[in-house]
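First comes the structure, then the notes that go with it.
The chains referred to below are lettered A, B, ... by the order of the sequence lines, with proteins before strands, and numbering in each begins at 1. Atom set for the values below is all heavy atoms of this structure, side chains included, hydrogens, waters and symmetry mates excluded.
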Amino acid sequence: MNMPARALRPVRLLDDQNSGSAEGGTAVSSGPIGYERLLQTFRERRQVFDSLSRLKGTLSDWGEQSGADTPLSQLYRTILASTERAAPVPNIDQMIPQGRDVTLSATFSPIQEWEGYVRSVGKGHFVADLIDLTAGGTNVSQLAEIPLEELSESDAAKLIPGSIFRWAIGYQRTRTGTKVRTSQIVLRDLPRWTKRDLLEAKAEAEELAQFLKTGGQGEEQTL
Amino acid sequence: VLRIEPEISGVSIVLRGNFNPSIFQPMWFAKQGLISEEAAAGAELGVVHPEVTIFKVDPDFSFSVDRDRLVINRVIAPLIVASDLICRMFGDLLPHTPIGQLGINRNVHFSVGSFEKRDQIGQLLAPPAPWGKWGEGFSAGDETKRGGLLSMTMIRRNLRDREVGWIQAKVEASNKIGQGRTGIFMEINDHYQLPDPASAVDAMVMIRILQERFDSSLKSSDAIIDQIMSLKS
């Protein structure tokens, strides 16, 4: 695997990806993909749009010259009408501020991660149950008292008993290579329960209750 | 935990469907309570246009959307913030957006310590012998002239947890760390889709999958990455 470093491009637009190959992955992979592919897609669309515009010009000229209402000219008019419906595609390269580097500035890789459930909030701290996700845990394994200053100001303001959060400890690296041990707590911002969610949960609970009641045999088989 | 600590570690969530790029602006995120007003005010705009919007809220996430594709990247743990953001956006705020495909893409750049070690791993994954006489030249010359594996993608389709979809793993030489000499880039594309993605009428199926499987997806992706990391020893 010996690939020389790729020359820097004048514009690096949110390019988090390796972008080592020209193409690859699937429709939903972010592959070389991510932003590079988005730009590529736009360039291709722009080319198609330019081609349609040229076709439109040619057809208009031809239509004016022929004038006759032959099946062939009708066909050309149909094609012309469809080219007129094509939505304009912007020239992406003219829209991007040249030379601007907006790559994310740091990366933080966790060595330990917990999911937490807030039991109570005190003056300078909060108490929470923790599930050790790194160990593959699904049940509460620890109780912790955590200083409020570990949270961002906006998260601290929203913290209430019952809040769910993620806590990660690991190393943060800046793009210059500086490595710092870091702890980061963020409140989970989950979708609200909908009526449909509640109905489905209720149905599932009833099904489970029925299963426990009958031992999985079905009512008709119990004595 | 991965046996080699990545130098860059992140996730990209990619949705395919029908989007209106002009609404996805930082201030819209703030107005909906998805990010703080300070974060929105500090967002760096790449492009805002009816056809495409690109911006980043450093260091939290970067975001891009065009008419049929939406991508959010996060490289700061906890990575689940990216999933929560998407789930709130399309679970609560825009549930009627047709979304037919979802990719949970884990990506890392890690160092194997030396150019020679990376070369060895490349040869393990793609031995030069089957390439015959031409392959003999891969290892000739100094570092600037050496050839070999540039990019490899493997795919697995027989998955029990989905009707349609796949897991695709890509290995490449990293050009972002170790001056392009000692790093490996890996991306795992965990792909879900409706049997007929074009028939999507709302976002609910894909968002439910994202919400339920994000953590386990990262875990199984990390297992694949860790397997390749194990080739270092």
> With a 4.5 angstrom heavy-atom cut-off, which part of A:Q172 approaches chain B: side chain, backbone, both or neither?
Replying inline: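 Side chain only.
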> Which region of A:R173, side chain (C-beta onward) or backbone (N, CA, C, O), has a non-hydrogen atom less than 4.5 Å from a non-hydrogen atom of chain B, or is it both or neither?
Replying inline: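 Just the side chain, heavy atoms under 4.5 Å.
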Can you tell me which portion of [X] sits under 4.5 Å from chain A's heavy atoms? Options are side chain, backbone, both or neither.
X	result
B:I76	both
B:M204	side chain
B:K219	side chain
B:Q120	neither

> Can you check whether A:L190 reaches B:R88 side chain to side chain, under 4.5 Å on heavy atoms?
Replying inline: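 A side-chain contact is absent here, since even the closest heavy-atom pair is not under 4.5 Å.
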> Do the side chains of B:E38 and A:E153 get nearer than 4.5 Å, heavy atoms only?
Replying inline: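 A side-chain contact under 4.5 Å is absent here.
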For the atom pair [atom1] ([X]) and [atom2] ([Y]), what is the distance rounded to the nearest 0.5 Å?
X	Y	atom1	atom2	answer
B:D84	A:I164	CG	CD1	9.5 Å
A:D155	B:S36	CG	OG	9.5 Å
B:I8	A:F108	CD1	CZ	15.5 Å

>> Would the distance check show the side chain of A:S109 and the main-chain N or O of B:S9 forming a donor-acceptor pair, the cut-off being under 3.5 Å?
In response: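 Checking the backbone N and O of B:S9 against the side chain of A:S109, no donor-acceptor pair under 3.5 Å is found.
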> Do side-chain atoms of A:T107 reach the backbone of B:V75 as a donor and acceptor pair under 3.5 angstrom?
Replying inline: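 Such a contact is found between A:T107 side chain and B:V75 backbone.
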> When only pairs under 4.5 Å are counted, which of B:I188, B:I80, B:D215 shares the most heavy-atom pairs with chain A?
Replying inline: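 The option with the most such pairs is B:I80.
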> What option among B:C87, B:P95, B:A77, B:S83 has the most heavy-atom pairs under 4.5 Å with chain A?
Replying inline: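 Maximum pair count with chain A is reached by B:A77.
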> Any idea which of A:P191, A:P110, A:A168 has the most non-hydrogen atom pairs under 4.5 angstrom with chain B?
Replying inline: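 Top option by heavy-atom pairs under 4.5 Å: A:P191.
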>> Please identify which of these residues, A:R166, A:R188, A:E115, meets the side chain to side chain contact (heavy atoms under 4.5 Å, CB included) condition with B:P78.
In response: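 Going through A:R166, A:R188, A:E115 one by one, the side chain to side chain contact (heavy atoms under 4.5 Å, CB included) with B:P78 is satisfied by A:R166 alone.
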>> For B:K145, is the NZ atom crowded, meaning more than 12 foreign heavy atoms sit under 6.0 Å from it?
In response: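 No, NZ of B:K145 has 12 or fewer neighbouring heavy atoms, counting only those of other groups under 6.0 Å.
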> Got a sec: does the CD of B:E37 have more than 12 other heavy atoms crowding it under 6.0 Å?
Replying inline: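 For B:E37, atom CD is not crowded (no more than 12 foreign heavy atoms under 6.0 Å).
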